[in-house]
Amino acid sequence: MAVRQLWKHLISAAARRGLAATVGALALVAAFVVGGTAAGTSTASAATSGWGGPGTWACGGAPIQSGWVLTLYDRNGCSGRGSWYQEPVKDGIWTCSGSPVVPGYVITDHTTTGCSGIGSWRHNLPKDGIWTCSGSPVVNGYVLTDRLVNGCGGAGSWRHNLARVGLWTCPYSPIPAGFRAATYNAGGCSGLGAWVLVKA
């Protein structure tokens, strides 16, 4: 039943039955809209998240569409099995822990309280000089150039820069095609050591 039809049906029933029915009707509508499912059902419903984009509530374990991320979690959804809100990725979106990292994006921040307490991570498009969390993918054409031990809520963070001749790179940094690592500096990359990029 569509949300509008369900709303009309419940309001009509509430008008006939009084205050108790009104409260019950509003609770059911709120559960349907927030949780994505009505009591006793396990199907996902189309909805709109706080980001303003179209998305879908899905039960835990459901496949995630390519290019989409998990942004909300309802532990009571899908008859107590839990449900996740899926929506298309975009620059600056916060995603739940366990959400896929969409190719071409990096992870730039972390909060332990997001997504109903399971934690969340911010997705951003890369740009020269951006700081990313430890474990974030390194986008093609970028290298790691510095490290901050306490960045990203204590997880540590790494500076991403577009590869160019003369740039010092950290250990574990990819070396893009057309470049090679040359001279070593033991004090580079916050004491981890660094190698300068030169033309291959």
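Fair warning: this is a prediction, and the values are worked out from it, not measured in the lab.
- We find the CG-OG distance between L144 and S173 to be 4.0 Å, quoted to the nearest 0.5 Å.
- The nearest pair of heavy atoms linking G104 to L125 is O-CD2, 3.9 Å.
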Give every donor-acceptor pair under 3.5 Å between a side-chain atom in residues 136-143 and any protein atom, sequence neighbours left out.
residue, atom, partner, partner atom, Å
S136, OG, I107, N, 2.9

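- Note that CG of L72 is 7.5 Å distant from OG of S116, once rounded to the nearest 0.5 Å.
- With salt bridges taken as basic N to acidic carboxylate O contacts below 4.0 Å, one links R164 and D128.
- Remark: the backbone N or O of P63 is paired with a side-chain donor or acceptor of Q86 at under 3.5 angstrom.
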- Report the C-alpha distance between S83 and C78 in whole Å, list the side-chain angles of each, state the deciding distance to 0.1 Å, and finish with yes or no for side chain to side chain contact (heavy atoms under 4.5 Å, CB included). CA-CA 6 Å; S83 58; C78 292; 3.8 Å; yes

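- With contacts defined as side-chain heavy-atom distances shorter than 4.5 Å, the pair T108/V106 qualifies.
- The hydrophobic cluster containing Y73 also contains W68, counting ILVMFWY residues as joined when their side-chain heavy atoms lie under 4.5 angstrom apart, directly or transitively.
- Between C59 and R81 the shortest side-chain heavy-atom distance falls below 4.5 Å.
- Counting heavy atoms from C-beta outward, E87 and L70 have side chains that stay 4.5 Å or more apart.
- Between H123 and Y105, the ring planes are tilted. Angles from 30° to 60° get that label.
- Judged as a salt bridge (charged side-chain N to carboxylate O under 4.0 Å, His left out), and not counting sequence neighbours, R75 has no contacts.
- The main-chain N or O of H160 is never found under 3.5 Å from a side-chain atom of T145 such that the two would form a donor-acceptor pair.
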- Please test V165 against L167 for side chain to side chain contact (heavy atoms under 4.5 Å, CB included), starting from the C-alpha separation and ending with a verdict. CA-CA 6 Å; V165 171; L167 201 60; over 6 Å; no

Contacts table for residues 174-200: side-chain donor-acceptor under 3.5 angstrom, sequence neighbours left out:
residue, atom, partner, partner atom, Å
N185, OD1, G187, N, 3.0
S190, OG, D146, OD1, 3.1
S190, OG, R147, O, 2.7

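- In this structure, the side chain of S120 does not engage the main chain of C115 through any donor-acceptor pair within 3.5 Å.
- Under a hydrophobic clustering in which Ile, Leu, Val, Met, Phe, Trp and Tyr are joined whenever their side-chain heavy atoms come within less than 4.5 Å, directly or via other members, V69 and V101 fall into different clusters.
- The heavy-atom pair separating W158 from C170 by the smallest distance is CZ3-CB, 3.7 Å.
- Note on I130 and L162: same hydrophobic cluster, where clusters join Ile, Leu, Val, Met, Phe, Trp and Tyr whose side-chain heavy atoms are under 4.5 Å apart, directly or indirectly.
- Using a 4.5 Å heavy-atom threshold, the side chains of D109 and W94 count as touching.
- A donor-acceptor pair under 3.5 Å links the side-chain atoms of S97 to the main chain of I118, judged by distance alone.
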